[in-house]
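See structure below.
Note that this is a predicted model, so its numbers are computed, not measured.
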Amino acid sequence: MIGADKVIFKLATHWLALMNLFWGLYVGLPFLAPIFMNAGYELPAKAIYTLYRPACHQRPERSYFIGGPDFAYSPEELAAAGVDLDPFARDIGNENVGWKVAFCERDVAIYGAIFLTGLGYGLVRKRLKGWRMPFRYFIPFLVPMAIDGVLQLFGFYESTWLLRSITGTVFGVGAVLFAYPYVEEGFADVRQTINSKLRLE
């Protein structure tokens, strides 16, 4: 049991580094798919696309591209270049436009912001000790993405790569500012409990 306690203590001590490593890999791996495709390594590229398929719709008109003349395209530009826009087709691009990142623009923004804000939180968390952001202050970080997503979902308009990126980034930053101080507090309690237990033993 002492061994298990020590493992839990280490996890509770280094949770932020582990979270940042996870989110860095999670947001970085989708960029390898188009890089592999561009280099001719189709098997690992398609494995990454498949891995991320349950997590994202992967629609080409809402994704960034690598290896082509531009990094984002309108539906009309993609259709003219021979990209199938059927959501169930999961077209990954071609030599004309390049290859899409394995998840969409909004997801890149959300998880990229979570990763970068998590790194920033690591630099200031000692100064933020005891600070908590009430949920009502998190709502303004959530609302822009919700409005953009819902209006797009119901066909009121087609959002742009810039709007998806901005609203996703705002949400990702807010999610870290809201959640991480609570997580830090919870793990501080775990560390204190284990410390007390180990001293008694």
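- Listed by first then second residue, pairs satisfying side-chain hydrogen bond (donor to acceptor under 3.5 Å, both in side chains) with a partner in residues 94-104 number zero, not counting sequence neighbours.
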Side chains of residues 145-153: which donor-acceptor partners sit under 3.5 Å, not counting sequence neighbours?
residue : atom : partner : partner atom : Å
D148    : OD1  : Y157    : OH           : 2.2
D148    : OD1  : S159    : OG           : 3.0
D148    : OD2  : R106    : NH1          : 3.0
D148    : OD2  : R106    : NH2          : 3.0
D148    : OD2  : S159    : OG           : 2.9
Q152    : OE1  : S159    : N            : 3.1
Q152    : OE1  : R164    : NE           : 3.4
Q152    : OE1  : R164    : NH2          : 3.0

Which pairs of donor and acceptor atoms, one on a side chain in residues 27-34, lie under 3.5 Å apart (sequence neighbours left out)?
none

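- With sequence neighbours excluded, no residue forms a side-chain hydrogen bond (donor to acceptor under 3.5 Å, both in side chains) with T169.
- In terms of the salt bridge (charged side-chain N to carboxylate O under 4.0 Å, His left out) criterion, residue partners of K46 (sequence neighbours excluded) are, by chain and number, E42.
- The closest donor-acceptor contact from the side chain of Q58 to the backbone of A102 lies under 3.5 Å.
- In this structure, Y73 OH and L78 CG are separated by 7.5 Å, a value rounded to the nearest 0.5 Å.
- Side-chain atoms of F65 and F71, non-hydrogen and from C-beta on, never get closer than 4.5 Å to each other.
- Applying the salt bridge (Lys or Arg N to Asp or Glu O under 4.0 Å) test to pairs two or more places apart or on separate chains, none has a residue in residues 22-39.
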Side-chain donor/acceptor pairs under 3.5 Å, residues 119-142, sequence neighbours excluded:
residue : atom : partner : partner atom : Å
R125    : NH1  : E184    : OE1          : 3.0
R132    : NE   : E185    : OE1          : 3.2

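- Rounding to the nearest 0.5 Å places CH2 of W23 at 12.0 Å from OG1 of T117.
- The ring pair (Phe, Tyr, Trp, His ring centres under 6.0 Å) test applied to F22 returns Y26, not counting sequence neighbours.
- Looking only at distances, no side-chain donor or acceptor of R59 sits under 3.5 Å from a matching main-chain atom of P87.
- Distance check: E105 CD to E61 CD gives 9.0 Å after rounding to the nearest 0.5 Å.
- Between H14 atom NE2 and N20 atom CG the span is 13.5 Å, to the nearest 0.5 Å.
- Under the salt bridge (charged side-chain N to carboxylate O under 4.0 Å, His left out) criterion, R53 pairs with no residue at all, not counting sequence neighbours.
- Atom CD1 of I48 is separated from atom CZ of F103 by 11.5 Å, given to the nearest 0.5 angstrom.
- Taking the side-chain hydrogen bond (donor to acceptor under 3.5 Å, both in side chains) definition, one finds that Y52 meets it with nothing, sequence neighbours left out.
- Pairs passing the salt bridge (Lys or Arg N to Asp or Glu O under 4.0 Å) check and including a residue from residues 63-90, sequence neighbours excluded, do not occur.
- Listed by first and then second residue, the salt bridge (Lys or Arg N to Asp or Glu O under 4.0 Å) pairs involving residues 13-28 amount to none (not counting sequence neighbours).
- For OH of Y41, the number of neighbouring non-hydrogen atoms (other residues, nucleotides, ligands) closer than 6.0 Å is 12 at most.
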